[in-house]
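Sequence positions, counted from 1, serve as the residue numbers for this chain.
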Amino acid sequence: QAQLVASGGGLVMPGGSLTLSCDASGSILRFNAMAWYRQAPGKERELVATVTNVGGNYYLDSVKGRFTISRDTAKNTLYLQMNSLKPEDTAVYYCNGAINHRWSTDWGQGTPVTVSS
């Protein structure tokens, strides 16, 4: 499976915006779907957003209207545009891709996002 590296996290104030990137070592056209997950301290990893190659999208209810998932096949990059950030969005964010409809078991290091004043 192609290696995915998440980046772009950091410290941002409540109400601010941040864009995360997920760079693939190969063509992201190989993925049936790609997704962003996040894991807050003391909590389980949760699915934040998904984009598929068959026209489907999913967003966690708490991020609908604030987050946007997108792909750039020319740059082999997945993005997560996050607006109106809240303290509860604080977590380590991970990206993943599915090949043959199977998610990778290698989550990598993720990229931490801290929303605080």
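If you take OH on Tyr59 and OG1 on Thr50, they are separated by 9.5 Å, rounding to the nearest 0.5 Å. With rounding to the nearest 0.5 angstrom, the OG1 atom of Thr52 is 9.0 Å from the CG atom of Asn32. Distance CZ/Arg38 to CG/Leu80: 9.0 Å, rounded to 0.5 Å. Once rounded to the nearest 0.5 Å, the distance linking CG of Asn76 with CG of Leu29 reads 7.0 Å. The distance from the OH atom of Tyr94 to the CG atom of Leu4 is 14.0 Å, given to the nearest 0.5 Å.
Of the options Val48, Leu60, Asn83, a side chain to side chain contact (heavy atoms under 4.5 Å, CB included) to Phe67 is made by Val48 and by none of the others. Tested against Met82, the residues Val63, Leu20, Thr19 include a single side chain to side chain contact (heavy atoms under 4.5 Å, CB included) partner, Leu20.
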Donor-acceptor pairs are to be reported for all side-chain atoms of residues 109-117 against protein atoms at under 3.5 Å, with residues two or more places apart or in another chain.
{"unit_1": "Thr111", "atom_1": "OG1", "unit_2": "Gly9", "atom_2": "N", "d": "2.9"}

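Two rings, from Tyr37 and Trp107, have their centers less than 6.0 Å apart.
Leu11 and Val92 are not part of a single hydrophobic cluster, where members link through side-chain heavy atoms under 4.5 Å apart. Cluster annotation: Leu85 and Tyr79 are assigned to distinct hydrophobic clusters (Ile/Leu/Val/Met/Phe/Trp/Tyr, side-chain heavy-atom contacts under 4.5 Å, transitive).
Counting heavy atoms from C-beta outward, Glu88 and Ser62 have side chains that stay 4.5 Å or more apart. Proximity of Leu78 to Ile28: side-chain heavy atoms (C-beta onward) are nowhere separated by under 4.5 Å.
Annotation: disulfide (SG to SG under 2.5 Å) contacts involving residues 41-117, sequence neighbours excluded, comprise Cys22-Cys95. Applying the side chain to side chain donor-acceptor pair (under 3.5 Å) test to residues at least two apart or on different chains, the pairs with a partner in residues 66-75 are Asn53-Arg71, Arg66-Asp89.
Of all the heavy atoms in Ala6 and Trp36, the pair that sits closest is CB-CZ3, 4.1 Å.
Within the 3.5 Å criterion, the main-chain N or O of Ala35 finds no donor-acceptor partner in the side chain of Trp103.
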